[in-house]
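Here is the structure we will look at, set down as structure tokens.
All of these numbers come straight from a predicted model, not from anything done at the bench. Throughout, a chain's letter reflects where its sequence line sits, starting with A, and its residues are numbered from 1.
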2 protein chains.
Amino acid sequence: MNHSPMPTLLDVARKAGVSRSTASNAFSRPDVVRAEVREKVAKAALELGYLGPDPKAKLLRHGKVNAIGIVPPGEWGVADSLKNPVYHQFLSGVAEVCDEVGANLVIIPDRITNGGVGTALVDGFIFGRIEHLRDTEPARLRRLPFVVMDADAGPDISSVRVDARMGGYLAARHLVELGHRKFGIMSFLRGFGPTRYHPPGVPRGPEAAGMETDQEKLRGYAEALSEAGLDIADVPIVQAQPWDRDAARMMLDMAPEATAILSMAVMQGIAVLDEARRRGHSVPRDLSVVGFNEIPEAAKSTPSLTTVDGKAAEKGRMAARIIFDAGPIRRELLLPRLIVRSSTAPPSKG
Amino acid sequence: MNHSPMPTLLDVARKAGVSRSTASNAFSRPDVVRAEVREKVAKAALELGYLGPDPKAKLLRHGKVNAIGIVPPGEWGVADSLKNPVYHQFLSGVAEVCDEVGANLVIIPDRITNGGVGTALVDGFIFGRIEHLRDTEPARLRRLPFVVMDADAGPDISSVRVDARMGGYLAARHLVELGHRKFGIMSFLRGFGPTRYHPPGVPRGPEAAGMETDQEKLRGYAEALSEAGLDIADVPIVQAQPWDRDAARMMLDMAPEATAILSMAVMQGIAVLDEARRRGHSVPRDLSVVGFNEIPEAAKSTPSLTTVDGKAAEKGRMAARIIFDAGPIRRELLLPRLIVRSSTAPPSKG
DNA sequence: CTGAAAGCGCTTACAG
DNA sequence: CTGAAAGCGCTTACAG
């Protein structure tokens with residue numbers, strides 16, 4: 001209905017019979033203007049349908065946006081980051097801090113073309129797992145604070161990660177202590193590509209796990225096994241994307257003697273549970289399973305899944321605080337925790 | 001390391017030995033500048049660590065932000081909207097369209113003080129269920145497009161909703177057709193407050209359900225019952241927040257003869273399933289349950305839950321398209337669908 | 001407390 | 001294709 005041009009501060013000032021700066025002060029520094037004048041201005045604004053200083057113009061003068069930008073990992077879009085259950089937890093952690101400080105949360109896929117980190121209107125960025133440190137360049141050039149997740153980015157960049165090696169160690173040691181000696185490992189395949197099988201006896205490099213954080217998990221597994229006199233090189237590894245349902249089948253095919261499966265992803269762990277049941281195996285009597293990361297599904301699966309709590313929500317909270325605190329560089333390493341549920345027990349055939 | 005002031009377009013122009021407008025054109029209208037000059041500018045920019053025109057200043061000239069704002073219902077914060085499973089689905093729908101058009105998604109709690117709709121830097125708003133139409137005023141005054149969810153806001157405002165009456169009707173008719181005659185209804189309590197019990201025989205107004213959309217569900221229930229010669233006034237109603245675990249207990253206490261429970265929320269339906277099992281009742285043999293809205297949990301519950309698909313994700317997609325299409329006002333009414341699973345069967349004691 | 005003026009960094013007709 | 005100039009809407013010293 002109202003298609004006249006947007007009223008500006010000057011219109012309001014004229015209508016109220018004051019100068020532009022007075023009108024500006026009435027909105028932005030009310031204490032500097034006496035109540036009587038303030039009301040005249042407010043009245044004029046109301047009549048003109050003027051909401052207050054244009055946020056865009058305000059921004060140009062001293063650019064606080066009141067929003068934090070989340071850059072999802074890799075090629076992920078907005079929808080991907082909402083759908084991934086572990087990332088969803090991380091986002092919830094960030095969101096809690098947003099609510100504490102009254103900031104908006106904006107999800108910014110790392111687009112090459114328009115948009116992306118180079119132009120997003122936010123006060124800082126949380127990079128949710130980066131491929132190369134250079135992905136953060138636009139943030140640095142814009143002089144915007146940022147933090148990198150799940151990797152140590154050196155002494156000049158804030159980072160938050162969980163001790164994945166420790167997580168892997170806790171998972172494997174738990175099984176070792178229960179008496180297991182025969183294992184299978186479900187490793188993480190990041191990005192695209194078919195499921196890969198790494199047979200035992202063949203030496204395996206870091207490519208047997210996806211990212212650095214996955215390689216750390218593997219290292220943790222290896223340590224715990226080694227303490228028990230076992231060599232991880234003798235353990236069959238299936239490396240798959242966590243949503244690959246066939247991978248669980250391949251795992252059980254390739255490690256028929258295993259009494260325990262170590263999985264780097266919680267959804268993979270649940271898939272193994274399902275596949276074991278399908279084969280008529282009883283978990284944990286015939287097979288123990290440990291996942292990685294804690295999401296509600298882990299507690300609800302049948303049987304409930306023993307897993308490593310990767311502290312996703314806490315990572316989110318911590319990263320957000322680093323941005324909003326605007327303090328010095330911080331490098332945080334969170335400690336994971338083993339959550340023992342019903343999917344692990346001593347081996348019966350051992 | 002680099003604490004010199006941010007380089008501006010003018011710095012780049014000087015360094016490249018061209019005028020400011022040429023430098024601007026090199027970035028924003030490259031076709032207007034010959035390649036040779038463009039490269040000079042690009043080189044100067046690179047050396048200065050200049051990323052391209054400052055998004056904030058650009059914004060002031062012709063304000064396209066490339067982002068869509070979601071305003072969660074009522075008092076919800078960012079974290080609440082991420083955690084609510086049905087709203088999460090809706091957000092995912094919006095996110096899919098964001099990815100299609102390359103826009104960012106920003107979640108904007110409706111804050112009274114700073115931030116909020118009045119100042120958020122977005123190109124349009126999706127109001128996720130509003131208490132009063134006046135909550136949309138700031139969006140209108142800013143001349144930003146917006147759409148209202150779950151309510152018809154009249155001919156001048158775009159809206160997207162699902163036919164809740166039809167949803168209620170489908171749910172109740174399904175039970176009636178199975179032969180049920182004794183019902184209990186779990187109604188929705190929006191906002192705060194204790195669980196309320198509405199005994200049968202007492203006439204009940206719209207306050208027996210939360211929002212208009214809930215009242216429509218109730219109307220749908222009533223219609224289907226009426227077609228079967230039953231009066232909804234004879235049905236006990238428990239009105240509770242969907243995350244209230246005690247409500248399911250109260251429902252079964254208050255409607256001991258019911259062979260079927262109609263629930264306005266999917267989580268409530270699942271809670272009834274759990275409570276029934278706790279009491280040693282077998283679902284659906286002793287009791288049938290129908291929920292409202294479809295989330296992954298509904299298929300995974302034991303037994304899986306018959307429910308009405310409220311099309312949350314599709315609502316999100318549609319609302320986002322209305323914003324990005326920038327077309328005329330649209331008022332969309334989506335049709336719900338009944339998903340029959342294992343929580344409903346003919347009554348055994350009937 | 002008020003008002004005239006400069007400037008935030010950029011874009012866009014306009015004249016060359 | 002280039003350059004000088006005005007202006008997007010606001011804020012902020014500065015002098016009154």
Side-chain angles (χ1 to χ4, degrees), chain A residues 4-42 44-45 48-66 114 118-121 123 141-144, chain B residues 4-42 44-45 48-66 114 118-121 123 141-144:
Chain A
S4 52
M6 285 275 284
T8 80
L9 188 61
L10 188 55
D11 298 324
V12 175
R14 279 209 255 266
K15 178 141 197 159
V18 301
S19 80
R20 185 155 54 158
S21 26
T22 301
S24 173
N25 284 334
F27 286 107
S28 305
R29 305 194 295 191
D31 46 306
V32 179
V33 180
R34 67 165 184 265
E36 184 187 326
V37 178
R38 237 184 297 139
E39 270 159 34
K40 259 201 318 201
V41 174
L48 290 170
Y50 180 82
L51 259 176
D54 180 345
K56 295 172 186 167
K58 207 164 176 168
L59 195 59
L60 181 55
R61 284 307 261 118
H62 53 234
K64 191 77 175 174
V65 180
N66 193 39
N114 68 26
T119 61
L121 292 162
D123 300 317
L141 289 174
R142 287 182 64 188
R143 313 272 202 282
L144 255 22
Chain B
S4 52
M6 287 275 284
T8 80
L9 189 60
L10 188 54
D11 298 323
V12 175
R14 279 210 253 266
K15 177 141 196 159
V18 301
S19 81
R20 187 156 52 158
S21 28
T22 303
S24 173
N25 283 334
F27 285 107
S28 304
R29 305 194 295 191
D31 46 306
V32 178
V33 180
R34 69 168 182 265
E36 187 187 324
V37 178
R38 236 185 296 141
E39 272 160 33
K40 260 202 315 201
V41 174
L48 289 171
Y50 180 81
L51 260 177
D54 179 346
K56 294 173 188 169
K58 208 164 175 167
L59 194 59
L60 181 55
R61 284 308 261 114
H62 54 234
K64 190 78 174 172
V65 180
N66 193 41
N114 69 26
T119 61
L121 293 163
D123 301 316
L141 289 174
R142 287 182 65 187
R143 313 273 203 283
L144 255 20

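A/D11 places its CG atom 9 Å from the P atom of D/dG9, with the value rounded to the nearest Å. Nucleotide D/dC10 holds its P atom 14 Å from the CG atom of B/L121, rounded to whole Å. For B/K58 and C/dC10, the NZ to P distance is 10 Å, given to the nearest whole Å. Distance B/E36 CD to D/dT2 P: 9 Å, rounded to the nearest Å. The separation between A/L10 atom CG and D/dC8 atom C1' is 13 Å, rounded to whole Å. For the pair B/L9 CG and C/dG7 P, the interatomic distance rounds to 18 Å; values are reported in whole Å. Taking atom CZ of residue B/R29 and atom C1' of nucleotide D/dG3, one finds them 14 Å apart after rounding to whole Å. Rounding to whole angstrom units, CG of residue B/D31 and C1' of D/dC1 are separated by 12 Å.
With C/dT12, D/dG3, C/dT2 as the candidates, the nucleotide lying closest to the side chain of A/V32 is C/dT2. Among the nucleotides C/dT11, C/dC1, D/dT2, the one closest to any side-chain atom of B/S28 is C/dT11. Closest contact between the side chain of A/R20 and the listed nucleotides C/dT11, C/dA6, C/dT12 involves C/dA6. Here D/dG3 is the nucleotide among D/dG3, D/dT12, C/dA6 with the atom lying nearest to any side-chain atom of B/V18. Checking C/dT11, C/dG9, D/dC10 against every side-chain atom of B/S24, the shortest atom distance belongs to C/dT11. Distance from the side chain of A/L60 is smallest to C/dC8 among D/dC10, C/dC8, C/dT12. Taking only side-chain atoms of B/P53, from C-beta outward, the nucleotide of C/dT2, C/dT11, D/dG9 with the closest atom is C/dT11.
Note on B/S21: every side-chain N or O is 4.0 Å or more away from OP1 and OP2 of C/dT11.
The main-chain N or O of A/L51 is never found under 3.5 Å from a side-chain atom of B/R142 such that the two would form a donor-acceptor pair. Here the side chain of B/R143 pairs a donor or acceptor atom with the backbone of B/L141 at under 3.5 angstrom.
Nucleotide D/dA4 forms no Watson-Crick or G-U wobble pair with any nucleotide shown, as no partner meets the under 3.5 Å limit on both distances.
Counting only heavy atoms from C-beta outward, the side chains of A/D11 and A/K15 never approach each other to under 4.5 Å. Contact of the B/L60 side chain with the B/K56 side chain is not registered, since no non-hydrogen atoms from C-beta on lie closer than 4.5 Å.
You won't find any donor-acceptor pair under 3.5 Å spanning the side chain of B/S19 and the base of D/dA4, going by distance alone. At a cut-off of 3.5 angstrom, the base of D/dG9 holds no donor-acceptor pair with the side chain of A/T8.
Counting any heavy atom pair closer than 4.0 Å across all strands shown, B/Y50 reaches sugar-phosphate atoms only and no base atom.
Tested against A/N25, the residues A/V37, A/V41, A/V33 include a single side-chain contact (heavy atoms from CB on, under 4.5 Å) partner, A/V33.
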